[in-house]
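These notes concern the structure reproduced below.
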Amino acid sequence: MNYRHSMTCHTEGIKAIAPAKWRGLDGLMGVYWDAEGQAGARAYYLSPDPRIVVFFNDVSSHIRMSNREAAFGHHDRPMTRAIYVPAGVPLWTSFTSPHRFSHLDLHLHKDRLLRFLAPAVGTSVARTALRRPVEIQDVEAIETLASLLVAEVSHPTRHAAFAESLVGSIVTGLLDLPEPGGDQVNGRLTQAQMNKLVARVDARSDGRMTVAEMAATVGLSESWFASVFKQTTGKTPLQWQLGKRIEHAQILLRESDLTVADVAVQLGFSDQAHLTKAFRQITGETPAAWRRVQQIP
């Protein structure tokens with residue numbers, strides 16, 4: 001499959017310090033970059049096909065990333081050592097300090113990826129995995145594979161099949177593929193997906209996320225996410241999220257001197273009455289009554 005990747009890319013304050021090395025393979029393109037970014041440097045990337053980025057040094061304390069244009073300071077996160085960006089997902093990055101870095105970019109035709117994964121996990125599971133973003137910091141095995149691939153991209157010494165097999169190993173090592181007979185095949189969220197969702201909700205000061213944001217966190221469509229979430233937890237996403245917010249309210253009521261009204265504001269409820277109604281719905285008590293019971297020696 002002849003493949004020319006197409007990606008919209010805008011950078012500011014980032015420059016290559018050596019010529020890029022690249023190699024086209026069957027349905028994919030590998031590009032190795034050695035570059036540096038200034039403090040405040042920014043970039044925007046959008047590709048119609050999936051891509052993988054593997055960094056060869058730790059960039060988490062220097063580069064922040066977000067999937068929203070104006071989200072830095074609110075919904076951004078540290079750049080990890082390896083990321084998988086699904087087709088059509090935008091990515092913005094921002095440098096918090098000057099940094100030199102090197103990374104391998106893999107631009108992958110989605111049909112080529114599907115053709116590679118489907119025989120092992122099935123077409124439906126493969127399509128789901130390809131829609132799910134992945135960000136990992138522990139890249140020991142993937143970095144080894146990526147280093148071998150960089151050597152073949154820079155100075156090819158073997159048949160293209162060798163480089164393509166390395167790409168395949170990186171893909172299967174990075175993507176969130178279920179074990180045979182696992183929960184994902186049965187229409188349930190995996191434990192890794194639930195852990196990621198809990199961490200993302202807990203990171204919000206008010207504990208609020210839309211269903212669309214929750215679905216994007218685990219790489220699923222909103223309708224499919226709502227279905228498998230209820231199969232997994234027995235609750236709708238918004239019911240589950242409300243329960244998490246009430247748990248947070250209980251912590252604040254027990255461990256702080258905030259008034260009930262202040263707790264309501266901090267957790268994004270419209271007013272004290274709104275919090276009281278939700279709190280009673282979940283616990284059977286008002287916040288004030290629950291707090292009094294907790295304070296009894």
Distance under 6.0 Å and angle within 45° of the ring axis: does R245 meet both against F269?
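Yes.
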Determine whether V263 and T259 satisfy the following criterion, side-chain contact (heavy atoms from CB on, under 4.5 Å), listing intermediate values before the conclusion.
CA-CA 6 Å; V263 171; T259 65; over 6 Å; no
Nearest atoms (heavy-atom pairs only) where [X] meets [Y]:
| X | Y | value |
| --- | --- | --- |
| G168 | F116 | CA-CZ, 3.5 Å |
| P287 | L275 | CG-CG, 4.3 Å |
| K196 | P133 | NZ-O, 3.5 Å |
| V54 | I142 | CG2-CG2, 4.0 Å |
| S66 | R77 | CA-NH1, 3.8 Å |
| P156 | V153 | CD-O, 4.2 Å |

When rounded to the nearest 0.5 angstrom, what distance separates [atom1] in [X] from [atom2] in [Y]?
| X | Y | atom1 | atom2 | answer |
| --- | --- | --- | --- | --- |
| L113 | D49 | CG | CG | 8.5 Å |
| E247 | T283 | CD | OG1 | 11.5 Å |
| I17 | W33 | CD1 | CH2 | 12.0 Å |
| F95 | E36 | CZ | CD | 9.5 Å |
| K235 | L242 | NZ | CG | 9.0 Å |
| R254 | W290 | CZ | CH2 | 4.5 Å |

Does the [X] side chain pair with the main chain of [Y], one donor and one acceptor, at a distance under 3.5 Å?
| X | Y | answer |
| --- | --- | --- |
| S165 | F162 | yes |
| E143 | E140 | no |
| T232 | L189 | yes |
| R51 | L106 | no |

Would you confirm whether the ring centroid of W22 sits within less than 6.0 angstrom of the ring centroid of Y32?
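Between Y32 and W22, the centre distance exceeds or equals 6.0 Å.
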Partners of Y84 by ring-ring contact (aromatic ring centres under 6.0 Å, His included), sequence neighbours excluded?
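Expected list: none.
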Indicate, with yes or no, if [Y] and [X] share a hydrophobic cluster defined by side-chain heavy-atom contacts under 4.5 Å among Ile, Leu, Val, Met, Phe, Trp and Tyr.
| X | Y | value |
| --- | --- | --- |
| I170 | I136 | yes |
| V139 | V171 | yes |
| V89 | V211 | no |
| L238 | L267 | no |
| L25 | L104 | yes |

side-chain contact (heavy atoms from CB on, under 4.5 Å) with A151: which residues, sequence neighbours excluded?
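If we apply the side-chain contact (heavy atoms from CB on, under 4.5 Å) test to A151, skipping adjacent residues, there are no hits.
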Evaluate the side-chain contact (heavy atoms from CB on, under 4.5 Å) criterion for residues M65 and E135: first the C-alpha distance (whole Å), next the side-chain angles of each, then the deciding distance (0.1 Å), finally the verdict.
CA-CA 11 Å; M65 61 178 168; E135 302 164 6; 3.4 Å; yes
Go through the steps to decide whether V167 and L145 satisfy the test side-chain contact (heavy atoms from CB on, under 4.5 Å), and finish with yes or no.
CA-CA 8 Å; V167 174; L145 294 167; over 6 Å; no
Salt bridge (charged side-chain N to carboxylate O under 4.0 Å, His left out) for D138 and R81? Distances and angles first, verdict last.
CA-CA 7 Å; D138 182 6; R81 291 285 306 279; over 6 Å; no
Donor-acceptor side-chain pairing of [X] and [Y] below 3.5 angstrom:
| X | Y | result |
| --- | --- | --- |
| N195 | R200 | no |
| D58 | S60 | yes |
| D206 | H248 | no |
| Q266 | D262 | no |

Got a salt bridge between D202 and K244, using NZ or NE/NH1/NH2 to carboxylate O under 4.0 Å?
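The answer is yes: the pair qualifies as a salt bridge.
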Is any NZ, NE, NH1 or NH2 atom of the basic residue among D26 and R115 found under 4.0 Å from an Asp or Glu carboxylate oxygen of the other?
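Yes.
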Evaluate D34 against H103 for side chain to side chain donor-acceptor pair (under 3.5 Å), listing each step before the verdict.
CA-CA 7 Å; D34 197 8; H103 63 77; over 6 Å; no
Compare all side-chain heavy atoms of [X] with those of [Y] and state whether any distance is below 4.5 angstrom.
| X | Y | answer |
| --- | --- | --- |
| W240 | V198 | yes |
| D105 | I52 | no |
| H107 | M7 | yes |
| I83 | V134 | no |
| Q241 | M209 | yes |
| E12 | Q38 | no |
| E152 | L148 | no |
| R112 | L108 | no |

Report the relative orientation of the aromatic rings in F225 and F229; use parallel for angles under 30°, tilted for 30 to 60°, perpendicular for over 60°.
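Geometry flag for F229 against F225: tilted rings.
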Give the ring-plane orientation class for Y44 versus W92, where under 30° counts as parallel, over 60° as perpendicular and anything between as tilted.
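Rings of Y44 and W92: tilted, 30 to 60°.
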Over 12 non-hydrogen atoms of neighbours within 6.0 angstrom of [atom1] in [X]:
| X | atom1 | answer |
| --- | --- | --- |
| R280 | CZ | no |
| R100 | CZ | no |
| E285 | CD | yes |
| D271 | CG | yes |

Passes side-chain contact (heavy atoms from CB on, under 4.5 Å), L46 versus L91? Steps please.
CA-CA 7 Å; L46 178 63; L91 181 68; over 6 Å; no
By the definition side chain to side chain donor-acceptor pair (under 3.5 Å), identify the one residue from D76, T93, T96 that meets it with R64.
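Checked D76, T93, T96 against R64; only one passes side chain to side chain donor-acceptor pair (under 3.5 Å): D76.
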